2 protein chains.
Amino acid sequence: MVTKANRGNRNATSEDVAQLAGVSQATVSRVFAGGANVSEKKRKKILDAAAALEYKPNAQARSLITRKTMMVGIIMRNIRDPFYSAVLEIFHTRLSPLGYQLIFNNSENEIIEEWEIAKLLEYNVEGIIVTDALLSEGATRKLKRSGIVSILFNRYAEGLNCSAVYCDNYLAAQQIATYLVEMGHRTFAFISGPRNTSTTVDRLKGFREVLLERKIKDLTIIPGTYTYESGFQAAQELLTRNKKIDCIFCGSDIIALGVMDAARLVGFRIPEDLSVVGFDNIRMLGWTPYPLTTWEQPLEDMVTSTVDLLLKEINEKNAVPRIIAMKGHLVIRNTVRKKK
Amino acid sequence: MVTKANRGNRNATSEDVAQLAGVSQATVSRVFAGGANVSEKKRKKILDAAAALEYKPNAQARSLITRKTMMVGIIMRNIRDPFYSAVLEIFHTRLSPLGYQLIFNNSENEIIEEWEIAKLLEYNVEGIIVTDALLSEGATRKLKRSGIVSILFNRYAEGLNCSAVYCDNYLAAQQIATYLVEMGHRTFAFISGPRNTSTTVDRLKGFREVLLERKIKDLTIIPGTYTYESGFQAAQELLTRNKKIDCIFCGSDIIALGVMDAARLVGFRIPEDLSVVGFDNIRMLGWTPYPLTTWEQPLEDMVTSTVDLLLKEINEKNAVPRIIAMKGHLVIRNTVRKKK
DNA sequence: TTAGTTTTTGAATACGTATTCATTCAAGAT
DNA sequence: ATCTTGAATGAATACGTATTCAAAAACTAA
């Protein structure tokens, strides 16, 4: 038998609570939505009734009326890279206390197309964070028209009308190059991520500029995919050529690990025979086989900025997209040969 | 001016589409909800109108009426462990094509309490997956009462009335122990995860049984936390004692990496001076410094089983909780000394 | 006391969809 | 032509909440 009390085993609603507490549904709502004035006496009664019925507000019904879902979508590439696992963890740590739920999406694509955000649109997320990838023009337009904020993390695109937070790769590459040259290196290789991404382009630009200034021309470029295997394979190629190479600059730490393992396998000692520099400063670098000199991305700060930007754009309708570059710094360990 | 057409910049609704197509809202709904019969002529008109207005169904409104949110919560510990990054990726790969959205939650707790699932309840997820942790009794009861399915991944609890999918640790430990004894080892250490978890208890049981059978009593147990640092430190302790140890069995690959690095640092060669066995078979083990012999968990199959179970319990009201053990197998690489 | 002010409250409504129910429509059988 | 049947449709309703509006209640000041 379905009585008023058990409602066929459905969860209690504000209506049920109202009935038990002897008030109207509106008053119950006022208690749980916060803000509005409710007399202490009734508030207490309502809270008691709610506890008795194990009442919890229904998020779907709520967002239907408030037009706020308090959900954010995150689309990640390369979640298996420890750098990005950390990114995800930190995003959750930041967003959860603000009451946002995080809808996780994995993608293997360099550019996120419309079909990949379709479900997030249906669910009316308030914002979308994209890490290590771009949004297609179509996707960006669609988001804009739907009034959904989007932010690129660790990538940016000039014409795209989309906010971004990234590590200043141009500056980083300049400083890395300067350091390497000062340490006496003359012939370089750069194992990058995919071509034509802001990350790769900026790093290449910064690195090249420094070399040009010093009249060094010896730079081999091998685009890769930010994976261990990609680094391993590129290094094998590089090191079995006739040409001697002083130093390999890697687009990510994971690439660098592949490079180091490949190099050691062919008999190169690091840093005596070959210097290696990474990028990211993932936690693993504290592990003994990989004392990698690298560029630390200010991960926590980058996430904080991203979340700030997200909130700002969610609240300020028509905010102008911003692109924020963050600095980072060189972490010197033990994979770059000292000056002779 | 707010006209019928632009509705103050809100997204188009089924009502808008209906109006433009010259049909009723009900018919529009029938087209998008699928199943029901609609004449080809009108269907075409509706789809055209929907495309013109960029209509997409509103998930919140839909779930309010269908009582299905098509959302699943996942609560993960140790997301930085590559094993669990992979787990997350695979869960997404499996669930996404089924139309489920994945709400990601991170937790550092061994036991998930009620407050950690509260938001997921408000959002009416249809199920909750918990990896590498348990649900508290209170949380389990609450979920049950709310009609939300919960499944433990890689843990189980006897009395908890909660489904689980895990790797048969008892069996695994038995086979590992057998292998190690046959290889001639006699003194052992086991660096486990946290005490009193099913994982640790089962492995210990299996390992001990085999040793007992062979009258070997030399087993030192050090509980840890499934981290590199935990393994590193435990190994340092173990190896600087007077007591000689043949072989260390590690609760996870990541622990084993810490152990190997610590051992090498103290001058032990692996496997000549010390054998090490891991658990999980994470991808990193293909990397050259860590040719770890380990137990492979059938990751893909475990996720598949978990998803199957999840769907089954979501659809069959009152399904009996099931606990599924999966087998896995030994992967022999190069960190266990061969029989003399 | 009374008039005026503020706070508290409930009835009614809207959010955007799926579904029920009754009605219309088209087609096939006689 | 009529009757029967099944498909196609629209009107109305429900899902569970927040919010508006007007009424009621509780204070304040005189």
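Here the structure is a predicted model, which means the values were calculated and not measured. Chain letters run A, B, ... following the sequence lines, proteins first, then strands; residues in each count from 1.
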### Query
Knowing that exactly one of A/Val38, A/Leu47, A/Val23 qualifies, which makes a side chain to side chain contact (heavy atoms under 4.5 Å, CB included) with A/Val28?
A/Val23
Tell me which pairs pass ring pair (Phe, Tyr, Trp, His ring centres under 6.0 Å) where either residue lies in [range], with sequence neighbours left out.
range                       : result
residues 95-123 of chain A  : A/Phe104-B/His92
residues 125-151 of chain B : none
residues 27-48 of chain B   : B/Phe32-B/Tyr55

### Task
Quick one: label A/Val28 by what it contacts on the DNA or RNA (base, sugar-phosphate, nothing), any heavy atom closer than 4.0 Å.
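The residue A/Val28 makes no contact with any strand.
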### Message
Regarding A/Lys41, tell me which of base, sugar-phosphate or nothing describes its non-hydrogen contacts under 4.0 Å with the strands shown.
### Response
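If one applies the 4.0 Å heavy-atom cut-off, A/Lys41 turns out to touch nothing in the nucleic acid.
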Between [X] and [N], is there a contact of a side-chain N or O with OP1 or OP2 at under 4.0 Å?
X       : N      : answer
A/Arg43 : C/dT8  : no
B/Ser24 : D/dA11 : no
A/Asn37 : C/dT8  : yes
A/Ser14 : D/dA18 : no
B/Lys42 : D/dT9  : yes

List in chain and number order the residues that pass side-chain hydrogen bond (donor to acceptor under 3.5 Å, both in side chains) with [X], two or more places apart in sequence or in another chain; answer none if no residue qualifies.
X        : result
B/Tyr156 : B/Asp202
A/Asn124 : B/Gln60
B/Ser146 : none

Check the distance between [N]'s [atom2] and [X]'s [atom1] and give it to me in whole angstrom.
X        : N      : atom1 : atom2 : value
B/Ile46  : D/dT9  : CD1   : P     : 8 Å
A/Glu122 : C/dG16 : CD    : C1'   : 13 Å
B/Lys68  : D/dG16 : NZ    : P     : 16 Å
B/Glu15  : D/dA12 : CD    : C1'   : 12 Å
B/Gln60  : D/dG16 : CD    : C1'   : 13 Å
B/Leu64  : D/dT13 : CG    : P     : 18 Å
B/Glu40  : D/dA8  : CD    : P     : 9 Å
B/Lys44  : D/dA8  : NZ    : P     : 18 Å

### Summary
So the salt bridge (charged side-chain N to carboxylate O under 4.0 Å, His left out) pairs with at least one residue in residues 85-104 of chain A (sequence neighbours excluded) are A/Glu89-B/Arg80, A/Arg94-A/Glu300
### Query
Starting at the 5' end of DNA chain D and moving along, which residue's nearest nucleotide shows up first, A/Tyr55 or B/Gly22?
B/Gly22
### Query
Can a salt bridge be assigned to the pair A/Lys312 and A/Asp308 using a cut-off of 4.0 Å between side-chain N and carboxylate O?
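Result for this pair is no, no salt bridge flagged.
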### Query
So, B/Arg322 side chain and B/Ser163 main chain: donor-acceptor pair closer than 3.5 Å or not?
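Here the side-chain-to-backbone pair does not exist.
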### Task
Side chain of B/Val23 only, please: which of C/dC15, C/dG10, D/dG10 is the nearest?
D/dG10
At a cut-off of 3.5 Å, list every protein nitrogen or oxygen paired with a nitrogen or oxygen from nucleotides 19-28 of chain C, distance to 0.1 Å.
none

### Bend angle of the helix from C/dT1-D/dA30 to C/dT30-D/dA1, from helix axes over five pairs at each end, nearest 10°
30°
